[in-house]
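All heavy atoms count here, side chains included; hydrogens, waters and symmetry mates do not. By convention here, the first residue in the shown sequence is residue 1.
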Amino acid sequence: MKLDEIIQLRRSVRKFKDQSVDKEFIDEIIESARLAPSAVNFQPWKFYICRSEEAKKIMRQSYPREWFNSAPLYILACGDHQQSWKRPCDGKDHLDIDIAIAVEHMVLKITELGLGTCWVCNFNSQTVKEGLQLSENVEPIVLLPVGYPENVDPDPRNKKRKSPEEITKWI
C-alpha cells in the first residue's frame, strides 16, 4: 500500500471486534514510533502497551466511554520532560510535538496493518499516572485504543475536509 492510500484510509475507529492483536503487529507499530524524528533527536518518549486486564482497567477508568471499552489493547504515549528539548530563546518544550509525530507514525502503521485506532487526549492523565505509578517528570499525553475495526465506513474518503484553498496561504 502506498503512503497516499494509507493517509486516505486512515480514520478514527470507535468500535472494535472482539479479537486480539498479534504481538508481531504491536512490534511493527512500536518500530514505526521508534523511527520517528524528534527535536534534536532526544526521543523523549515511552510507550506503554496495555494488554493486561489491570492495565486496561486503568485506561478505561481514565476515559470512561462505552466505545473505548471495546478495544483489545491500548498504547499509552508518554513524554519525559527531563529528556525533551526546550527552545533556548523562549524555553518552549517540544515534548508534545515529538509525541504527536511518533503517535501519527503509529496511527499510519496501524492503518497499513488493517487495524484501527482513534487519538484520545481527553482522558484523566492523573488516573493513568497514579495507576501506572509514573514518575513526576513523565506525562501521559495520548491514548490509542487499538484493534480490528468493526462497522466502519468502507470509504473514509467521504469525510468532510476543508479544501486546499481554505488551509493554505501563498505568500
Side-chain angles (χ1 to χ4, degrees), residues 10-88 90-111 113 115-152:
R10 192 227 105 12
R11 60 190 173 268
S12 294
V13 173
R14 292 184 178 88
K15 188 164 185 170
F16 302 94
K17 293 179 181 177
D18 185 17
Q19 180 179 350
S20 63
V21 176
D22 292 338
K23 183 182 182 310
E24 294 77 30
F25 280 2
I26 298 168
D27 291 342
E28 288 185 49
I29 294 164
I30 294 305
E31 180 66 5
S32 69
R34 190 184 74 80
L35 296 174
S38 63
V40 194
N41 198 29
F42 282 3
Q43 305 168 51
W45 45 57
K46 177 77 85 177
F47 304 101
Y48 294 83
I49 313 305
C50 303
R51 291 194 333 173
S52 73
E53 287 307 313
E54 181 181 334
K56 289 194 294 190
K57 181 180 177 187
I58 293 166
M59 299 307 114
R60 291 169 179 161
Q61 287 172 341
S62 77
Y63 189 70
R65 306 295 190 283
E66 189 174 330
W67 73 266
F68 189 72
N69 293 338
S70 69
L73 75 95
Y74 304 93
I75 299 175
L76 173 67
C78 294
D80 186 333
H81 287 284
Q82 290 180 345
Q83 294 181 14
S84 59
W85 181 73
K86 284 83 173 167
R87 186 168 46 205
D90 63 2
K92 164 126 179 69
D93 188 340
H94 280 64
L95 183 69
D96 284 352
I97 297 167
D98 291 343
I99 297 299
I101 294 167
V103 167
E104 192 57 19
H105 271 57
M106 288 192 287
V107 168
L108 293 173
K109 177 53 84 171
I110 287 166
T111 301
L113 294 171
L115 299 166
T117 190
C118 179
W119 280 71
V120 175
C121 298
N122 183 25
F123 64 97
N124 186 322
S125 62
Q126 196 58 39
T127 298
V128 170
K129 198 170 179 88
E130 290 172 6
L132 297 181
Q133 300 177 346
L134 302 177
S135 65
E136 184 62 34
N137 54 303
V138 173
E139 179 184 356
I141 297 176
V142 179
L143 257 175
L144 291 178
V146 180
Y148 291 92
E150 186 174 291
N151 299 332
V152 294

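- By the 30° and 60° cut-offs, the orientation of the rings of Phe47 relative to Trp45 is tilted.
- In this structure a side-chain-to-backbone donor-acceptor pair under 3.5 Å is missing from Asp98 to Ser38.
- Note that the CG atom of Leu76 and the NZ atom of Lys129 stand 10.5 Å from one another [nearest 0.5 Å].
- Checking side-chain atoms of Asp22 against main-chain N and O of Glu24 turns up no donor-acceptor pair under 3.5 Å.
- In Lys46, the NZ atom is not crowded: 12 or fewer heavy atoms of neighbouring residues, nucleotides or ligands sit closer than 6.0 Å.
- Tyr74 and Tyr48 have their aromatic ring centers separated by at least 6.0 angstrom.
- Between Phe68 and Tyr63, the ring planes lie perpendicular to each other; the angle is over 60°, past the 30° to 60° tilted range.
- Counting non-hydrogen atoms of other residues, nucleotides and ligands closer than 6.0 Å to NZ of Lys92 gives a total above 12.
- Using modelled atom types, no side-chain atom of Arg51 and backbone atom of Leu73 make a donor-acceptor pair closer than 3.5 Å.
- At least one side-chain heavy atom of Lys56 sits less than 4.5 Å from a side-chain heavy atom of Glu53.
- The closest side-chain donor-acceptor pair between Lys109 and Thr111, if any, does not fall under 3.5 angstrom.
- Atoms CG and CG, on Leu134 and Asp80 in that order, are 10.5 Å from each other to the nearest 0.5 Å.
- Using a 4.0 Å cut-off between charged nitrogen and carboxylate oxygen, Lys57 and Glu54 do not count as a salt-bridge pair.
- What you find for Pro72 and Ser20 is that their closest heavy atoms are CB-CA, 4.3 Å.
- Atom CD of Gln43 and atom CD1 of Ile99 lie 11.0 Å apart (nearest 0.5 Å).
- Closest approach of Asp93 to His81, counting heavy atoms only: OD2-ND1, 2.7 Å.
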